[in-house]
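The chain is numbered in sequence order, starting from 1.
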Amino acid sequence: AGSIRSDRVIDITELSDQEFGRIRVTHNRSGVLRLNIRTTGEVVLSAPFSTKENRLRDFIDRSRSGIRRALAEIKSHSHSYSDGDKIGRSHRLRLVTGVRAGVTIGRNLVTVTLPAGMSDGLKQKQIKQVVAKVLKQEAQRYLPKRLHYLANKHGYTYQRVRLTKTRWGSCSSKGTISLNIALMTISEQLSDYVLLHELTHTHHMNHGVGFWRELETVLPGAKLLDRQLRHYSPYL
């Protein structure tokens with residue numbers, strides 16, 4: 001997996017994995033290792049206290065194919081779109097039947113024309129491609145500016161920002177902050193939480209006590225917002 005291994009026996013709260021990103025580690029008293037793939041795409045590993053890091057990483061390596069299948073299943077059951085749905089912060093979806101497929105993106109309305117004989121699965125695939133395009137346009141206009149504003153307000157620095165379609169957000173050790181275009185589908189309060197969460201990672205590359213203390217300082221109620229965010233999926 002290309003990960004740095006260690007025989008540390010401290011109580012680990014998370015691991016960094018090249019394929020799955022940050023893997024949260026919780027503790028149990030059952031003496032067994034268990035994996036939980038949340039509907040948000042977060043990978044959570046439950047382990048006994050003071051389990052060696054080598055054992056945790058070996059377990060993840062043995063479970064890779066299962067984790068991939070679980071994440072693919074989550075993505076396949078992502079949102080199904082209907083006529084009248086809100087798309088992002090400023091658009092509505094209009095579905096019409098026509099002779100051939102087509103798309104018109106207006107200021108506030110996205111019209112998708114679909115042939116009558118097209119299967120539901122193919123229709124949803126076409127719609128999701130359009131939704132992704134609209135959300136990316138909205139995200140490009142909003143997220144970099146909002147991140148810059150919040151960074152200046154709270155005294156953070158980062159190297160660059162990139163847009164993705166996977167997890168809500170991430171921050172690399174080199175200061176690159178990645179933000180999901182699906183942030184445009186949730187409230188500004190929750191999207192600000194994600195942005196400040198990743199900005200805090202420029203100071204703390206883990207989810208330890210220092211990380212949460214700082215995040216709660218710049219955003220009181222951050223842990224409550226973290227729990228609220230788990231009710232939403234970052235997958236389109």
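Among residues two or more places apart in sequence or in another chain, the side chain to side chain donor-acceptor pair (under 3.5 Å) test is passed with Gln126 by none. Residues that satisfy the side chain to side chain donor-acceptor pair (under 3.5 Å) test with Asn28, not counting sequence neighbours, are Ser30, Ser46. In this structure Arg29 satisfies the side chain to side chain contact (heavy atoms under 4.5 Å, CB included) test together with Phe49, sequence neighbours excluded. Applying the side chain to side chain contact (heavy atoms under 4.5 Å, CB included) rule to Arg227 yields the partners Lys223, Leu224; only residues at least two apart in sequence or on another chain are considered. Contacts of His203 classified as ring-ring contact (aromatic ring centres under 6.0 Å, His included), with partners at least two apart in sequence or in another chain: Tyr156.
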Determine, stepwise, if the pair Arg167 / Glu42 fulfils salt bridge (charged side-chain N to carboxylate O under 4.0 Å, His left out).
-> CA-CA 8 Å; Arg167 294 182 300 159; Glu42 181 184 26; over 6 Å; no
Step-by-step salt bridge (charged side-chain N to carboxylate O under 4.0 Å, His left out) determination, Asp83 to Arg92 | CA-CA 8 Å; Asp83 184 58; Arg92 286 282 176 185; over 6 Å; no
Test side chain to side chain donor-acceptor pair (under 3.5 Å) on Ser191 and Arg89 and set out the steps.
-> CA-CA 12 Å; Ser191 64; Arg89 301 274 172 86; 3.1 Å; yes
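Between Tyr235 and Asn180 there is no side-chain heavy-atom pair separated by less than 4.5 Å. Here the side chains of Glu214 and His204 are in contact, with some heavy-atom distance below 4.5 Å. Contact of the Phe20 side chain with the Arg68 side chain is registered, since non-hydrogen atoms from C-beta on lie closer than 4.5 Å. By the 4.5 Å heavy-atom criterion applied to side chains, Gln124 and Gln129 are not counted as neighbours. Within the 4.5 Å cutoff, side-chain heavy atoms of His197 are placed close to those of His207. For the pair Ile127 and Ser80, the minimum side-chain heavy-atom distance is 4.5 Å or more. Taking 4.5 Å as the limit, some side-chain heavy atom of Leu35 sits within range of a side-chain heavy atom of Phe59. When side chains are defined from C-beta on, Thr176 does not count as touching Tyr158, because their heavy atoms never get closer than 4.5 Å.
Annotation for Lys123: atom NZ counts as buried by contact number, over 12 foreign heavy atoms lying within 6.0 Å. Other residues, nucleotides and ligands contribute more than 12 heavy atoms inside 6.0 Å of the NE2 atom of His154. Within 6.0 Å of OH on Tyr232 lie no more than 12 heavy atoms contributed by other residues, nucleotides or ligands.
Using a cutoff of 4.0 Å between basic side-chain nitrogens and carboxylate oxygens, Asp192 and Arg146 are scored as salt-bridged. A salt bridge between Asp120 and Lys125 is absent, with no side-chain N of the basic residue lying under 4.0 Å from a carboxylate O of the acidic one. Under a 4.0 Å N-O distance rule, the pair Asp58/Arg62 does not qualify as a salt bridge.
A donor-acceptor pair under 3.5 Å is absent between the side-chain atoms of Asp85 and the main chain of Leu93, judged by distance alone.
Residues Arg162 and Ser178 bring a donor and an acceptor atom of their side chains to less than 3.5 Å of each other. Between the side chains of Thr200 and Arg213, no donor-acceptor pair is found at a separation under 3.5 Å.
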When the side chains of residues 97-119 are checked against the rest of the protein, which donor-acceptor pairs come out under 3.5 Å, sequence neighbours left out?
unit_1, atom_1, unit_2, atom_2, d
Asn108, ND2, Ser90, O, 3.0
Ser119, OG, Leu122, N, 3.2

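Contact between Ile181 and Ala132 at its shortest, heavy atoms only, is CD1-O, 3.6 Å.
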